[in-house]
Q: 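First, the structure itself, so that you have it in front of you.
Just so it is clear: chains get the letters A, B, ... in the order the sequence lines come, proteins before strands, and each one is counted from 1. Worth saying up front: this structure is predicted, and the values here are computed from it rather than measured.
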2 protein chains.
Amino acid sequence: MIVPVNSSNSTKERILGAAESLFAQRGFDGASLRQLTSAAGVNLAAVNYHFGSKEKLVEQIFRRRLDALNNSRLEALALVAGKENTTIEDVLAAFIRPALDLSHDESGSLFMRVLARAFAEHDDTLRQFLSENYGHVMRQFTAEFARLLPQLSKQELYWRIDLVSGALTHAMSGFGMIQRKSDVSETVHREQTAQHLIRFAVAGMSHP
Amino acid sequence: MIVPVNSSNSTKERILGAAESLFAQRGFDGASLRQLTSAAGVNLAAVNYHFGSKEKLVEQIFRRRLDALNNSRLEALALVAGKENTTIEDVLAAFIRPALDLSHDESGSLFMRVLARAFAEHDDTLRQFLSENYGHVMRQFTAEFARLLPQLSKQELYWRIDLVSGALTHAMSGFGMIQRKSDVSETVHREQTAQHLIRFAVAGMSHP
DNA sequence: CATCGGTTCAAACGATCGTTTGAGGATACG
DNA sequence: CGTATCCTCAAACGATCGTTTGAACCGATG
């Protein structure tokens with residue numbers, strides 16, 4: 001119980017890595033602990049030993065990534081919030097770019113698929129967990145949008161933010177038909193995605 | 001082998017009804033045939049007898065709804081496509097409203113959740129099936145958008161349509177935080193959804 | 001060396017899954 | 001009535017699931 005070191009080759013870390021990948025590919029129910037531990041090169045019982053249960057492992061996966069995403073978004077927002085010359089685009093970029101940056105490393109992009117699946121699965125306890133973690137973030141963004149778009153009612157504002165979130169989730173999880181061309185590097189493709197997404201969102205947020 | 005009658009109380013129809021509801025609530029893997037047949041009030045073996053397998057039942061569920069949705073969209077598009085005074089809003093309404101109308105009846109709205117889950121599950125055979133059924137529809141809509149937005153490149157057009165689809169999927173499956181207030185009727189709420197969604201999409205599609 | 005807490009391991013547990021089976025009911029036709 | 005054709009039913013099949021168990025291993029401590 002002494003060691004806080006996250007040796008990246010520990011059994012725990014190997015499980016988390018394999019879990020993120022397999023959950024994204026097959027979903028929480030679809031990925032079995034036997035596939036998972038086999039891919040991680042650890043014993044079947046290791047998951048229950050280190051995490052208590054499969055469900056708690058899922059929760060760990062979410063907490064790890066969502067904490068990072070939330071912090072990045074709030075940091076980016078803090079740089080522009082309340083400033084006089086801040087634009088809608090600045091705020092949207094603070095909201096969107098951390099999500100896209102998260103998908104920079106491979107396991108991060110897998111996580112976005114995990115997240116999209118979790119949304120789709122409509123699990124109530126998971127929704128509540130997300131709401132608790134995301135709630136204050138969304139409130140801060142909403143407040144800043146309200147400052148920049150004073151002509152919009154609260155209802156109208158909620159709607160537009162919600163629709164932007166939908167487009168973002170869709171684009172990030174690779175739902176759509178837009179696939180990266182083989183002659184475009186991953187970095188360039190992500191930047192193009194960000195550009196399209198932000199311009200689309202700016203138009204959707206700020207139309208009369 | 002004679003009877004094409006779809007008596008709505010037949011074993012087959014009862015299975016399809018219960019399946020749509022249960023798949024939406026628990027997903028394809030999450031809903032077992034025992035839960036399903038129990039809810040439908042039929043014997044466990046009835047699914048395999050009438051549909052061959054669980055997988056073929058899923059396919060039937062999709063075919064039934066997607067055929068109706070595709071036809072509605074194409075009919076609505078045909079009323080405005082190629083006309084001189086057609087607007088972006090007209091085309092978007094032809095795309096969006098049939099989807100919202102589908103969710104008019106209860107089982108229809110459940111189907112939209114089924115569809116959203118299917119997207120999230122990234123199943124390749126299912127994606128191919130959807131692509132085959134949706135392909136020509138999307139192509140016709142894309143062509144009409146291209147006519148009304150000649151200044152956009154093909155790439156740019158694909159991106160915007162994709163993002164609209166994301167927002168639509170998100171809004172329709174009830175992902176978001178926007179919930180119907182108790183003092184607003186279901187009909188009114190759906191009309192409000194349509195209005196918000198279409199105006200948002202018009203702005204996102206036609207911005208410079 | 002002996003001991004002990006933390007960790008890994010093979011094996012098994014009970015539950016649940018989709019599917020199959022074979023007997024029996026129901027209805028129509030000769 | 002006898003037979004043929006759907007259809008329904010209870011029961012069982014093998015597979016796979018998450019979890020538990022108890023022994024074995026291992027490095028640190030006395």
Q: Identify, between A:N43 and A:S32, the residue whose nearest nucleotide on DNA chain D lies closer to the 5' end.
A: A:S32
Q: Between C1' on D:dT19 and CG on A:L36, what's the gap in Å once rounded to a whole number?
A: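 Computing the A:L36:CG to D:dT19:C1' distance gives 15 Å.
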Q: May I ask you to check whether A:F28 and A:F62 place their ring centres under 6.0 Å from each other?
A: yes
Q: Can you tell me the distance, in whole Å, between the CG atom of B:L33 and the P atom of C:dT19?
A: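 Rounding to the nearest Å, CG of B:L33 and P of C:dT19 are 6 Å apart.
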Q: Please state how far atom CZ in A:F23 lies from atom C1' in D:dG18, giving the value in whole angstrom units.
A: 12 Å
Q: Near DNA chain D, which residues from residues 45-58 of chain A have a heavy atom under 4.0 Å away?
A: A:A45, A:N48, A:S53, A:K54
Q: Report the distance from atom CG of B:N9 to atom P of D:dT8, rounded to the nearest whole Å.
A: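 Atom-to-atom, B:N9 to D:dT8, this comes out as 12 Å.
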Q: Starting at atom CZ of B:F28, determine the distance to atom P of C:dC17, rounded to an integer number of angstrom.
A: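 In whole Å, C:dC17 P lies 17 Å from B:F28 CZ.
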Q: Measure across B:L92 and B:V164 and return the closest heavy-atom pair with its distance rounded to 0.1 Å.
A: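 Closest approach of B:L92 to B:V164, heavy atoms only: CD2-CG1, 4.1 Å.
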Q: For the residue pair B:R160 / A:H196, report whether a side-chain donor-acceptor contact shorter than 3.5 Å exists.
A: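 No pair is found: no donor N or O on one side chain lies under 3.5 Å from an acceptor on the other.
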Q: Using atom CG of B:L22 as one end and atom P of C:dG18 as the other, report the distance to the nearest whole Å.
A: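 For the pair B:L22 CG and C:dG18 P, the rounded distance is 11 Å.
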Q: B:R73: what forms a salt bridge (charged side-chain N to carboxylate O under 4.0 Å, His left out) with it, not counting sequence neighbours?
A: none
Q: What is the distance, rounded to the nearest whole Å, between atom CG of A:L44 and atom C1' of C:dC9?
A: 10 Å
Q: Can B:K56 and B:E59 be counted as an ion pair, charged N to O under 4.0 angstrom?
A: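 No salt bridge links B:K56 with B:E59.
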Q: B:I15 has an atom CD1; how far is it from atom C1' of D:dC9, in whole Å?
A: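 Going from B:I15 (CD1) to D:dC9 (C1'), I get 13 Å.
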Q: Inspect the contact between A:E13 and A:R64 and indicate whether a charged nitrogen and a carboxylate oxygen are less than 4.0 angstrom apart.
A: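 Salt bridge flag = yes for A:E13 with A:R64.
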